[in-house]
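Working notes, beginning with the structure itself.
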Number of protein chains: 2
Amino acid sequence: MERATLRDVARLAGVSVATASKALNGQPQVRASTREKVMQAASQLDFSPNTHAQALITQRTGTVGLLTSDLEGRFSIPILMGAEDAFGTDQTSVFLCDARGDSIREKHHLRALLSRRVDGLIVVGARPDSRPSLGRDLPVPVIYAYAPSDDPADLSLVSDNEGGGRLAVDHLIRCGRRKIAHITGDATYGAAQDRARGALDRLAQEGLSVAGGEVWFGMWSEAWGRGATRMLLERCPDVDAIFAGSDEIARGVVDVLHEERLDVPGQVAVVGYDNWTILAANARPPLTTVDLNLEQLGRVAAQRLFAAIGGTLGSGIEKFPGRLVTRESTASLR
Amino acid sequence: MERATLRDVARLAGVSVATASKALNGQPQVRASTREKVMQAASQLDFSPNTHAQALITQRTGTVGLLTSDLEGRFSIPILMGAEDAFGTDQTSVFLCDARGDSIREKHHLRALLSRRVDGLIVVGARPDSRPSLGRDLPVPVIYAYAPSDDPADLSLVSDNEGGGRLAVDHLIRCGRRKIAHITGDATYGAAQDRARGALDRLAQEGLSVAGGEVWFGMWSEAWGRGATRMLLERCPDVDAIFAGSDEIARGVVDVLHEERLDVPGQVAVVGYDNWTILAANARPPLTTVDLNLEQLGRVAAQRLFAAIGGTLGSGIEKFPGRLVTRESTASLR
DNA sequence: TCAACTGCCGAAAAGGTTTTCAGGAACGTA
DNA sequence: TACGTTCCTGAAAACCTTTTCGGCAGTTGA
């Protein structure tokens with residue numbers, strides 16, 4: 001199937017290419033009847049303009065690069081979907097590049113994307129902690145999502161972990177819980193620290209301190225959730241709520257509570273984090289959890305980028321609030 | 001940062017654009033010293049050729065479209081990664097488009113991709129069952145992955161579910177199991193039927209029939225895994241192995257076996273399907289399961305497509321074998 | 001000495017579109 | 001009739017690169 005060019009359309013419609021172009025692009029200086037002829041010719045030939053020729057002349061490609069560090073991870077995907085969604089409604093297409101956590105590969109992809117003259121770039125990190133900036137002298141705007149850039153001159157969109165921690169504890173307090181523990185992941189993750197800070201902050205506001213005497217940092221795994229819960233119960237058998245730093249951890253927590261014949265949420269309420277549906281919704285009971293709203297983050301990133309194309313972006317780190325999803329693992333006491 | 005063009009490079013090197021082009025592209029008719037001058041000028045200006053101008057003249061864009069139906073789903077991602085990986089080493093970039101299961105949206109994306117003159121297309125389905133063909137008269141080669149096209153003239157790459165079912169049962173037989181049941185998902189899925197067929201086939205080969213008298217079709221959920229297992233145990237309390245149609249179902253199966261105080265794998269061995277790591281590896285005990293090798297499928301799709309660009313593709317449905325991943329939920333009897 | 005090569009280089013065309021600008025047609029006005 | 005307007009249309013330049021082909025200089029062979 002050979003492709004029709006604007007020349008073919010013009011010929012069929014009996015006009016010049018210039019007129020054909022203007023007719024198809026809705027320029028005003030063309031008679032209605034002429035426009036109609038051209039449109040018809042175009043659809044008859046199933047014409048679609050060659051974007052490369054357009055790009056060459058307009059200096060806009062209608063493409064953006066999405067540079068992710070780990071596709072595998074479940075955090076990139078929703079952001080990617082949000083971005084793809086927001087662009088999809090415009091006439092922008094997305095180049096997907098996965099650097100697999102390798103900075104050489106990342107450079108390579110970056111070069112390729114610039115060579116393709118993308119109009120902008122979204123960089124999605126693998127971990128919520130900050131990552132190296134791509135540099136300041138890039139010819140296109142760049143937005144960092146999820147993982148902020150380490151250069152404050154860049155614009156980063158991240159989720160508000162401190163707020164999320166506060167959200168979770170606030171909910172537990174409203175449920176009438178007073179002895180609230182916090183079991184979370186790797187202490188070297190800024191996200192773990194931030195969530196804990198938010199949690200402690202909200203507790204303090206209520207005049208409470210964390211049950212068990214400390215925040216239990218460990219690993220982002222089901223196994224750690226189990227281990228930490230056992231230790232916690234030993235030290236503080238009358239705990240009435242556990243805020244877990246991830247849904248995986250929460251699954252472990254619930255598991256041990258069952259083993260110990262403690263009713264969830266009757267005796268102990270549990271809140272997870274991430275709203276990883278397959279884990280949270282299939283738990284017994286289904287987990288109340290904090291959703292990161294990553295899709296929204298991706299959508300906003302796309303919008304911001306789009307708005308900034310041609311102009312310049314802001315800078316700094318912008319935080320996006322999470323959202324509490326209540327399921328059956330929490331309920332009011334009594 | 002303004003971008004350098006070939007003109008700038010040529011000027012700096014003191015040659016014509018034609019010579020500069022030939023020097024950079026390794027054409028033979030240019031003196032070594034001249035080439036050197038050009039290369040140096042190019043790197044000094046950080047020149048990278050405008051791919052749109054190249055595309056215009058060479059009629060090749062070095063891009064492919066990846067049209068997926070549901071990014072959300074966990075099956076698209078590994079395929080996508082495999083494809084991205086295989087292309088990444090070449091100088092091909094991938095346009096990602098998610099149709100969200102909407103055929104209107106799919107048409108829209110298809111049109112956009114063709115307008116961008118992609119060199120080829122990979123269509124990744126959401127379900128393993130066949131999907132509508134994009135049509136025969138497309139100007140670029142198309143490969144269907146995971147979900148085969150309903151037009152036998154197209155080329156489809158899918159995973160071999162029948163072989164996977166055989167693989168699972170074969171393993172259980174080698175473990176000395178004789179009373180093997182099969183609990184699986186929605187009977188309207190071809191994949192469920194195929195896996196069951198493979199399983200029954202291997203059983204028959206051994207002179208066995210399926211424990212419980214029938215294959216338990218139901219839903220792809222943990223809850224169904226639990227329900228079906230209860231029914232199964234009632235009807236056939238001495239079952240010594242259960243092949244589950246998915247890891248989710250397997251989680252439910254294991255759950256009920258625990259409740260009934262049946263040891264896994266001591267008394268009953270369990271095999272899952274999909275190797276969805278978060279579920280399979282975190283189960284207690286970790287699940288032996290069939291991996292679909294989707295990444296490989298994606299890689300091969302990319303290679304095939306690359307090979308076919310310019311020429312033509314084969315047709316028909318090509319099946320890719322799965323791979324048994326053994327963990328602790330299966331072991332030899334005694 | 002002249003003809004035929006060989007090795008390098010550059011002018012120019014091509015690819016498909018957008019945009020500017022000049023000019024033709026039709027019309028009204030003096 | 002001459003002229004100024006208003007509408008439309010089309011020729012041509014521009015975007016950046018690749019590729020063809022002609023030509024120049026120097027070399028070889030007779």
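In what follows, chains carry the letters A, B, and so on, assigned in the order in which the sequence lines appear, proteins first and then strands, with residues in each chain numbered from 1. Source: prediction; values computed, not measured.
Counting any heavy atom pair closer than 4.0 Å across all strands shown, Thr5(B) reaches sugar-phosphate atoms only and no base atom.
Regarding Gln29(B), its CD atom lies at a distance of 9 Å from the C1' atom of dT19(D), rounded to whole Å. When the P atom of dT19(C) is taken as reference, atom CZ of Arg60(A) falls 12 Å away, rounded to whole Å. The CZ atom of Arg35(B) sits 10 Å away from the P atom of dC8(C) (whole-angstrom rounding). In this structure, the NZ atom of Lys22(B) is 13 Å from the C1' atom of dT17(D), given to the nearest Å. Whole-Å rounding puts the Asp8(B) CG to dC16(D) C1' distance at 11 Å. Going from atom CZ of Arg3(B) over to atom P of dC16(D) covers 11 Å, rounded to whole Å. Atom pair Arg116(B):CZ and dG16(C):P shows a separation of 18 Å (rounding to whole Å applied). For the pair Asn25(B) CG and dC8(C) C1', the computed distance is 17 Å after rounding to whole Å.
In this structure a side-chain-to-backbone donor-acceptor pair under 3.5 Å is missing from Tyr146(A) to Leu294(A).
Residue order along DNA chain C, read from the 5' end via each residue's closest nucleotide, puts Ser16(B) first among Gln59(B) and Ser16(B). Residue whose closest nucleotide on DNA chain D sits further toward the 5' end, between Pro28(A) and Val17(A): Pro28(A).
Within the structure, every side-chain polar atom (N or O) of Thr34(A) is placed at least 4.0 Å from both OP1 and OP2 of dC8(D). Proximity of Arg31(A) to the phosphate of dT9(D): a side-chain N or O atom is located under 4.0 Å from OP1 or OP2. Dashed line: the shortest gap from a side-chain N or O of Ser21(B) to OP1 or OP2 of dT17(D) is not under 4.0 Å.
Of all the residues in residues 50-58 of chain A, Leu56(A), Ile57(A) reach under 4.0 Å from DNA chain D with at least one non-hydrogen atom.
Classification of Arg100(B) and Asp102(B) as a salt-bridged pair fails, no side-chain N sitting under 4.0 Å from a carboxylate O.
Remark: the Ser149(A) side chain and the Arg131(A) side chain contain no N/O donor-acceptor pair separated by less than 3.5 Å. No hydrogens or angles considered: nothing links the side chains of Asp150(B) and Ser130(B) as a donor-acceptor pair under 3.5 Å. In this structure, a donor-acceptor pair under 3.5 Å is absent between the side chains of Ser48(A) and Arg111(B).
For the residue pair Glu84(B) and Val94(B), the shortest heavy atom distance occurs at CA-CG2, 4.4 Å. Of all heavy-atom pairs spanning Ala23(A) and Val30(A), the tightest one is CA-CG1, 4.1 Å.
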